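Have a look at the structure below before the remarks.
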Amino acid sequence: MAQDKRIVILTGAGISAESGIDTFRSAGGLWEQHKVEDVATPEGFARNPDLVLGFYDKRREALSGVKPNPAHAALARLEREFLGELLLVTQNVDDLHERGGSSQVLHMHGELKSALCMSCGVRSAWDAPMSDRPPCPVCQAPTLRPDVVWFGEMPYQMERIYAALSACDLFVSIGTSGAVYPAAGFVQEARAAGAATLELNLEPSDGTHYFAEARHGPAGELVPQWVDEVLVG
Ligand code: BV8
């Protein structure tokens, strides 16, 4: 691909699957063990904060036991070597893109390793449990919540994402089922802007028919292959 192009990449839980992190919709996945409305909505949090804080504490703790896979490393290589513009947007709240070497990552649904204080509104880097109601590092109030975007909440940096989609030459979706909006609608924004669109996923996603090209298989194989094509041409 010409090195003056603009690429937007969206990743989902499938890019972390080979690292051992449960996806949401696979058999035995995260949402099978819990009802979405109980652990990933503001209402669920208000109803049972201990359940929700415990759910995210477990997922945060699990991060130390997993590591980035070749798909994460390939996207980090792309960031280092691609001479055009690249925006990496992830729906994932894990830190595997960063640990895989990517330095510019837009977490549109927040991060497990960030805490949001419901009293002062400040976000702080966080790598400890919240179930024991620790004090906010800034205002000391015991009112920290996971800094993740729940259903019914507005994802982060949407303006920046839509601006990038309307100006990109290529939109690539990696490891996502295309089940959750607004992320699932990004491919249509990119198409409307005249971009090429590529899906790299284990199996056809809910939105696979929107993509000009789709390749199906494990991200650990497909992503390094695709990055080679972009960099080597
Ligand atoms: C909002 C963070 C408005 C927390 C998440 C009806 C129609 C349309 C929309 C709606 C509707 N009703 C409600 C809505 C809105 C709702 C929505 O889309 N609901 C869906 C269920 C219909 N969306 C929202 O609420 C969003 N906010 O709309 O706000 C608004 C407007 C103004 C003001 C205020 C508000 C917010 C949604 C964000 C929710 N938070 N995560 C957490 O992580 O706990 S969602 C979560 O699930 C993920 O972040 C991700 O976004 C989403 C989908 O998961 P995926 O990443 O795709 O994972 P999944 O398991 O589904 O799929 C994995 C894929 O990988 C599979 O395809 C599989 O084949 C593949 N795979 C597996 N292994 C591999 C692989 N691929 C490659 N290699 C492998 N090895």
Side-chain angles (χ1 to χ4, degrees), residues 9-45 51-60 62-63 66 68-75 89-97 105-114 116 130 145-159 161-162 172-188 198-211 214-226:
I9 296 174
L10 172 70
T11 64
I15 199 170
S16 298
E18 289 157 82
S19 297
I21 294 189
D22 270 351
T23 65
F24 291 89
R25 287 166 184 79
S26 61
L30 279 168
W31 298 140
E32 277 213 336
Q33 298 149 36
H34 298 280
K35 295 226 292 293
V36 167
E37 51 276 16
D38 291 339
V39 292
T41 61
E43 298 77 13
F45 180 63
L51 172 73
V52 175
L53 293 176
F55 174 63
Y56 286 95
D57 284 356
K58 273 210 280 308
R59 289 171 67 190
R60 189 178 307 105
L63 289 180
V66 296
N69 67 59
H72 297 106
L75 294 186
V89 181
T90 186
Q91 300 170 90
N92 299 340
V93 292
D94 65 52
D95 61 346
L96 291 180
H97 279 302
V105 185
L106 197 166
H107 283 271
M108 66 178 288
H109 290 162
E111 301 175 69
L112 286 170
K113 289 192 168 178
S114 175
L116 171 60
M130 289 185 188
R145 62 161 272 187
D147 181 17
V148 297
V149 176
W150 285 325
F151 287 93
E153 294 185 324
M154 181 56 102
Y156 296 154
Q157 301 194 55
M158 290 306 295
E159 308 259 307
I161 296 170
Y162 282 126
V172 187
S173 177
I174 302 172
T176 181
S177 61
V180 172
Y181 289 82
F186 289 174
V187 58
Q188 291 157 277
L198 170 64
E199 170 176 274
L200 303 178
N201 203 57
L202 192 62
E203 70 234 342
S205 72
D206 293 1
T208 196
H209 51 284
Y210 289 116
F211 288 86
R215 300 178 193 173
H216 298 131
E221 284 168 31
L222 292 184
V223 180
Q225 202 175 22
W226 171 69

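Nothing here was measured: the structure is a model prediction, and the numbers come from that model. Side chains are part of it too, since the values below use all heavy atoms of this structure and drop only hydrogens, waters and symmetry mates. Order of appearance sets the numbers: ligands from 1, and atoms from 1 within every ligand.
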Problem - Any side-chain donor near an acceptor of the partner, S173 and T176, under 3.5 Å - result: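 Distance-only check fails for S173 and T176.
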Problem - Residues S19 and N69: side-chain donor-acceptor under 3.5 angstrom - result: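 Checked: S19/N69 side chains pair up, N/O donor to acceptor below 3.5 Å.
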Distance flag for [atom], protein heavy atom under 4.0 Å:
| atom | result |
| --- | --- |
| atom 46 (C) of ligand 1 | yes |
| atom 25 (O) of ligand 1 | yes |
| atom 74 (C) of ligand 1 | yes |
| atom 7 (C) of ligand 1 | no |

Problem - Close approach, P146 and ligand 1, non-hydrogen under 4.0 angstrom - result: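 No; P146 lies far enough from ligand 1 that no heavy-atom distance drops under 4.0 Å.
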Exercise for the section: Determine the interplanar angle of the W150 and F45 rings, folded into 0 to 90°, and report it as parallel if under 30°, tilted if 30 to 60°, perpendicular if over 60°. Expected result: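 Geometry flag for F45 against W150: tilted rings.
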What atoms of ligand 1 come within less than 4.0 Å of a heavy atom belonging to [X]?
| X | result |
| --- | --- |
| P218 | 78 (N) |
| Y56 | 4 (C), 42 (C), 44 (O) |
| A179 | 20 (C), 22 (C) |
| G12 | 56 (O) |
| E153 | 1 (C), 26 (C), 27 (N), 29 (O), 35 (C), 36 (C) |
| G175 | 63 (C), 64 (C), 65 (O), 76 (N) |
| G152 | 24 (C), 25 (O), 34 (C), 35 (C) |
| E18 | 78 (N), 79 (C), 80 (N) |

Taking the minimum heavy-atom distance to [atom], which of [options] ranks first?
| atom | options | answer |
| --- | --- | --- |
| atom 50 (C) of ligand 1 | Q91, R25, H216 | Q91 |
| atom 43 (O) of ligand 1 | E221, E111, R215, R59 | R59 |
| atom 31 (C) of ligand 1 | H107, M154, H34, M108 | M154 |
| atom 68 (C) of ligand 1 | E203, H109, E199 | E203 |

Handout entry: Partners meeting side-chain contact (heavy atoms from CB on, under 4.5 Å) with I21 (sequence neighbours left out)
Key =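 In terms of side-chain contact (heavy atoms from CB on, under 4.5 Å), with neighbours along the sequence ignored, I21 is linked to S16, L63, V66, D94, L96.
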Exercise for the section: Kindly write out the residues that satisfy side-chain hydrogen bond (donor to acceptor under 3.5 Å, both in side chains) with S205, not counting sequence neighbours, or none if the list is empty. Expected result: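 Scan of S205 (side-chain hydrogen bond (donor to acceptor under 3.5 Å, both in side chains), adjacent residues dropped) gives E199.
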